[in-house]
Structure formats: C-alpha cells, structure tokens
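No experiment lies behind these values; they were computed from the predicted model shown. Position 1 is the first residue of the sequence; numbering continues from there.
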Amino acid sequence: MRMTPQRQLVLDALLELEHATPEQVCQHVQRTTPTVNITTVYRTLELLESLAVVRHTHLGHGAPTYSVHEHEHVHLVCHRCGHVDEAEREVMDELCGTLRARHGFHLDASHLALSGTCRACSQENP
C-alpha cells in the first residue's frame, strides 16, 4: 500500500486529535484540504484499520471513535453525563486472567469502552 496524500492527511488528523469520529476527522482535514470528503475519510479509516494502524471503539450510541493503534487504554464512559475518562490497560489484567482461566477466552483489552457512572455523577446521586 502506498501512502497517498489523502491517507496521510487522515492519519495526521487522527494523530493530532487522538480520538475522533470519522466526521471529526473529516472536519479537521477539510480545514486545510476542503476537497477531501467524508467517503474518503471512511474508506481510509477502514484501510488503516485493516492494516492495524488505527483501531476503533464504540463509546456509546453513534459513530465509532478511532485512535492510533499504539494508543492502548480503557475508556470509562459515564452513561449519565457522557464524560469519557481513560484508565491504563493494565486495570483489566485480573479480568483478562480470570476469563482466560475459566473460559479459555483471551480478551483484547487494549482499546475498550466500559459504561458506568463517573465520580461526579456518583457523588451527586449516591
């Protein structure tokens, strides 16, 4: 695969934004190159994901959020206020070990979203 200018623009946008939906990537790219359209962004993200350069996760309802592959962490998504926090991937080590021991299942916890209630919302409504 060769790195076309459009592919590089999409990758650069994602590196700069860290987490972004395809629409956010498109808006970022269009600031400097208005001719790049959303279809190009979607196709490029799919290609980059198939090459294991980027990955996606679903932080809730709606479009997936993409990040570069090396950016490994667990998303903590508050279902009350929508706040998204990050935790290091290692917080899932015990669960990964339990799933492997009990079920023979190897969990990929490198880019995962967990839904719950954030600290602020928990303190508001105990």
**Item:** Exercise: do Tyr42 and Glu23 side chains pair donor with acceptor under 3.5 Å
**Value:** yes
**Message:** Under a 3.5 Å threshold, yes or no: a donor from one side chain and an acceptor from the other, between His19 and His56?
**Reply:** no
Nearest heavy-atom pair of [X] and [Y]: which atoms, and what distance?
X	Y	value
Val29	Ala13	CG2-CB, 3.8 Å
Asn37	Gln30	CA-NE2, 4.1 Å
Ala63	Pro22	CB-CD, 4.3 Å
Val74	Glu88	CG2-O, 4.3 Å
Leu47	Ser50	O-OG, 2.7 Å
Gln24	Leu17	O-CD1, 4.0 Å

**Item:** More than 12 heavy atoms of other groups within 6.0 Å of Arg43 CZ
**Value:** no
Any side-chain heavy atom of [X] sitting closer than 4.5 Å to one from [Y]?
X	Y	value
Arg89	His73	no
Val77	Asp85	no
Ser67	Arg55	yes
Val25	Gln27	no
Glu86	Leu76	no
Val10	Leu45	yes
Val53	Leu11	yes

Hey, could you give me the [atom1]/[atom2] distance between [X] and [Y], rounded to the nearest 0.5 Å?
X	Y	atom1	atom2	result
Leu95	Met92	CG	CE	4.5 Å
Thr40	Arg7	OG1	CZ	10.5 Å
His75	Thr65	NE2	OG1	7.0 Å

**Asked** Just by modelled atom types, is the Met3 backbone N or O under 3.5 Å from a matching donor or acceptor in the Gln8 side chain?
**Response** no
Indicate every side-chain donor-acceptor pair of residues 96-106 with a distance under 3.5 Å to a residue at least two apart or in another chain.
| unit_1 | atom_1 | unit_2 | atom_2 | d |
| --- | --- | --- | --- | --- |
| Thr98 | OG1 | Glu94 | O | 3.0 |

**Message:** Can you tell me which residue among Arg80, Glu124, His83 is in a side chain to side chain contact (heavy atoms under 4.5 Å, CB included) with Thr117?
**Reply:** Arg80
